[in-house]
Amino acid sequence: TASVAAAAAGDAAATLRQHVRWHCRVSHVAAHTALLTLFADDFATPEARRLTAERLISFAGFKVSHDMLDAAEAAFAPVAASFAALRGAARALAAPSESLDAALSNELKRTNVLRAWPCDTVWVPGAGDAAARALAPNCSTPFTTCSVGKDR
């Protein structure tokens, strides 16, 4: 939500560049790691949250039970309002824009369509530090290697 707020308040193109760089990193991790993609709409209604919880529990390798689904609903329900606000802000930013198209095109060229390594830093001028802190890796955790100087 920090990146959506930064985009709404400032430079949406810088925030888009930041997210493309984050996805560049994720694509390199995903080449060797199982990932599950979740969307804000996966948490929009109690029914959607229950299906999402079922997917998450199964993905983690557990047998789904009613107790687990109830516990997941109790955990997810309080953040439903945040996801609603996020969806609204994202829709507002989804309007076509030449600057967003140019930012995406430039980042894809710079990263060889997310194939270049190491990926650029998520600390993009104009995108907001809160979003960068949320997207940047924690270089001090085990099994984390930071190859971009700005992230260290």
Side-chain angles (χ1 to χ4, degrees), residues 1-45 48-62 72-73 75-152:
T1 58
S3 57
V4 173
D11 189 347
T15 302
L16 177 63
R17 282 192 296 279
Q18 189 175 52
H19 279 268
V20 170
R21 292 174 185 190
W22 181 79
H23 280 281
C24 178
R25 291 175 181 205
V26 171
S27 71
H28 288 278
V29 172
H32 308 286
T33 307
L35 295 176
L36 177 66
T37 301
L38 301 174
F39 301 95
D41 287 340
D42 293 336
F43 300 91
T45 66
R49 288 192 297 272
R50 195 164 184 90
L51 289 171
T52 299
E54 192 170 330
R55 287 177 48 214
L56 284 167
I57 294 166
S58 296
F59 183 78
F62 296 102
E73 175 57 23
F76 292 150
V79 298
S82 296
F83 280 113
L86 176 65
R87 281 193 315 278
R91 276 197 282 282
L93 292 172
S97 163
E98 279 186 45
S99 65
L100 292 179
D101 290 345
L104 178 60
S105 177
N106 288 338
E107 283 300 311
L108 291 176
K109 284 178 190 170
R110 287 171 37 108
T111 64
N112 191 21
V113 192
L114 306 185
R115 290 189 201 112
W117 186 258
C119 302
D120 288 334
T121 183
V122 294
W123 295 87
V124 176
D129 287 351
R133 274 191 294 281
L135 295 171
N138 181 349
C139 297
S140 63
T141 59
F143 309 110
T144 302
T145 303
C146 291
S147 52
V148 177
K150 175 72 174 158
D151 294 339
R152 288 188 211 130

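Everything numeric in this text was worked out from a predicted model, so none of it was measured.
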request  = Verify side chain to side chain contact (heavy atoms under 4.5 Å, CB included) between D42 and R55, making sure each step is shown before the conclusion.
outcome  = CA-CA 10 Å; D42 293 336; R55 287 177 48 214; 3.6 Å; yes
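- Of all heavy-atom pairs between L16 and A103, the closest is CD2-CB, 4.3 Å.
- Every residue meeting the side chain to side chain contact (heavy atoms under 4.5 Å, CB included) condition with S58, not counting sequence neighbours, appears here in chain and number order: V64.
- Pairing each heavy atom of V124 with each of T121, the nearest pair is CG2-O, 4.1 Å.
- Residues passing the ring pair (Phe, Tyr, Trp, His ring centres under 6.0 Å) test with F43 are F76, F83, sequence neighbours excluded.
- Between N138 and T141, the shortest heavy-atom distance links the atoms O-OG1, 2.9 Å.
- Q18 places a side-chain N or O within donor-acceptor distance of the main-chain N or O of V122, the cut-off being under 3.5 Å.
- Ion pairing between a basic and an acidic side chain is recognised when a charged N comes within 4.0 Å of a carboxylate O; R50 and E73 show no such pairing.
- Here N106 contributes atom CG and R17 contributes atom CZ; the two are 8.0 Å apart, rounded to the nearest 0.5 Å.
- Residues meeting the side chain to side chain contact (heavy atoms under 4.5 Å, CB included) test with S105, sequence neighbours left out: K109.
- In this structure, H23 and H19 have tilted ring planes: the angle between them lies in the 30° to 60° band.
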